[in-house]
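Whatever order the structure lists them in is the order used to number ligands and atoms, beginning at 1. Everything numeric in this text was worked out from a predicted model, so none of it was measured.
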Amino acid sequence: MRFIQVGVGGFGGMWVSALKNNRQAKVVGMVDLNPQAMQQVCDNNDYDPSICFPTLKQALQNVEADAVVVVTPPAYHRAPVVEALGAGLHVISEKPMAESMADCKAMFSAARKAKRHYVVSQNYRYADEMYTMADLIKKGRIGEIGQVKIDFYKGVGFDGFRAEMPYPLLVDMSIHHFDLIRFITGLDAVSVRGQAWNPTWSHFKGDCSSSICFTMANDARVLYNGSWCAKGDYCDWNGNWQIEGSKGTIRYEKGVITLDQVPEGYRTRKSTVIPPRKLRRTGQDYVLANFMKSIRKGERPLTDVYDNIYSVAMVFGAVKAVKGERRVSIIDPALQKLIGDFSG
Ligand SMILES: NC(=O)c1ccc[n+]([C@@H]2O[C@H](COP(=O)([O-])OP(=O)(O)OC[C@H]3O[C@@H](n4cnc5c(N)ncnc54)[C@H](O)[C@@H]3O)[C@@H](O)[C@H]2O)c1
């Protein structure tokens, strides 16, 4: 299958490797605003500089391709995705689908109109540990899910587009965790409440800390707390998880999955560390292989736009919630008067 990759700098390097490592994929075009980024990829991978173009339009005019991979910053996903779909090509883009819900809706409609596959790469799903947790829940090991807590505290020194976004954690990072919530629990979210803030020491312009509560389709609640300016080494990129069901709890912390069996009452009867099941492929390699297989077999790929719209809607639902947060004063005027009268 012949690919054009749009955006080859930064995380684009992961996709350069994924495409190079898959024997059924061939890179026939590269597009980036930065010619040096393309030159570097050519030098390191023996690609001919004649496959480099400043715009997707020029690439489409000059090379024959079957699919496009888009790895630009989120605000620049919509244009190349819609253009590629319009040209009759299948598309993979990096997460999040876009930086606004309006862009996501336009991309959804473009995919439906073009009748081409558009996959959003949610590579966090395709990791041994996350797959194993989803499997345990699917097999009913903890019964019906009632409450979930995820704590993601990681200090990252990102500059570039993330430092400028209004909600860098929610939009660029939490999409992974929100998509994992759906993947692991098998439940979709129906409503959301939340708060976002920016600690004094944060180098981000936008709010990089959040506390979000989702109500899921079965009325379970998922409490998600996260920060991108955390001090110290609290968790890995998946965050720490506590998933409670009617028969027990699954916990995840820094690569270790623990299953606490609590068939009745509240005391753990047995606690077991569960070894993660080894996947043959992970991350972008998994996404790419699944995408190509789906096209070959005429099947629906995983995390296509029709699935991913439910994850990205959690992101923009959370953004709406934190903007409209209703605050209740702890000390209301009547209580203030009482305290004041008493202490005075
Ligand atoms: N899945 C993951 O684990 C993961 C990790 C990091 C980044 N990402 C995602 O990858 C995407 C890119 O992030 P990044 O960190 O590589 O960003 P970046 O800013 O480091 O690099 C983006 C590249 O795209 C190029 N570019 C920018 N606008 C362009 C345009 N309009 N046309 C062509 N090229 C353009 C830039 O020159 C640069 O080479 C984002 O959607 C981000 O969320 C995913």
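- What you find for Val28 and Ala65 is that their closest heavy atoms are CG2-CB, 4.0 Å.
- Distances shorter than 4.0 angstrom occur between a heavy atom of His77 and an atom of ligand 1.
- Looking only at protein heavy atoms, the nearest one to atom 21 (O) of ligand 1 is Gly9 O, 3.9 Å.
- Among all protein heavy atoms, the one lying closest to atom 17 (O) of ligand 1 is Phe161 CE2, 3.4 Å.
- Of the protein's heavy atoms, Thr72 CG2, 3.9 Å lies nearest to atom 26 (N) of ligand 1.
- Heavy-atom proximity to Arg162, at under 4.0 Å, picks out these atoms of ligand 1: 6 (C), 7 (C), 13 (O), 15 (O), 42 (C).
- Aromatic rings of Trp237 and Tyr124 (six-membered ring for Trp) have centroids beyond the 6.0 Å cut-off, not under it.
- Where the criterion is an N or O separation shorter than 3.5 Å, residue side chain and backbone included, Tyr76 fails it with respect to ligand 1.
- Close approach to His176 involves these atoms of ligand 1, each under 4.0 Å from a residue heavy atom: 1 (N), 2 (C), 3 (O).
- When all heavy atoms of Lys205 and Asn198 are compared, the pair lying nearest together is O-ND2, 3.8 Å.
- Below 4.0 Å from some heavy atom of Gly10 lie the following atoms of ligand 1, by number and element: 16 (O), 20 (O).
- Proximity annotation for atom 30 (C) of ligand 1: of Val171, Asn123, Leu33, Leu33 comes nearest, heavy atoms only.
- Taking the six-membered ring where the residue is Trp, the centroids of Tyr234 and Phe152 are separated by 6.0 Å or more.
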Could you walk me through whether Tyr252 and Asp236 satisfy the side-chain hydrogen bond (donor to acceptor under 3.5 Å, both in side chains) test, starting with their C-alpha distance in whole Å, then the side-chain angles of each, then the deciding distance to 0.1 Å, before giving a yes or no?
CA-CA 10 Å; Tyr252 173 83; Asp236 66 18; 2.5 Å; yes

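- Between Gln58 and Asn62, the side chains place no donor N or O within less than 3.5 Å of an acceptor N or O (distance only, hydrogens not considered).
- Within the structure, the closest approach of Gly160 to ligand 1 does not fall below 4.0 Å when heavy atoms are considered.
- Between the side chains of Asn218 and Glu144, at least one donor-acceptor pair of N or O atoms lies under 3.5 Å.
- Both the backbone and the side chain of Lys95 come within contact range of ligand 1, each with a heavy atom under 4.0 Å.
- Remark: minimum distance from atom 44 (C) of ligand 1 to any protein heavy atom is reached at Glu94 OE1, 3.2 Å.
- Checked by distance only, ligand 1 and Phe11 come closer than 3.5 Å through their nitrogen or oxygen atoms.
- For atom 39 (O) of ligand 1, the nearest protein heavy atom (residue, atom name, distance) is Asp32 OD2, 2.8 Å.
- For Tyr224 and Phe178, the ring centers sit closer than 6.0 Å to each other.
- Short contacts between ligand 1 and Tyr124, defined as distances under 4.0 Å to a heavy atom of the residue, involve ligand atoms 3 (O).
- Between Thr249 and Ile142, the shortest heavy-atom distance links the atoms N-CG2, 3.7 Å.
- Taking only nitrogen or oxygen atoms, main chain and side chain alike, Gly7 does not reach within less than 3.5 Å of ligand 1.
- In this structure, the ring of Phe291 has its center no less than 6.0 angstrom from the ring center of His117.
- Heavy-atom contacts of Asp172 reach the following atoms of ligand 1: 42 (C), 43 (O) (cutoff under 4.0 Å).
- In this structure, Phe108 has its ring center no closer than 6.0 Å to that of Tyr118.
- Looking only at heavy atoms of the protein, atom 22 (C) of ligand 1 is closest to Pro73 CD, 3.7 Å.
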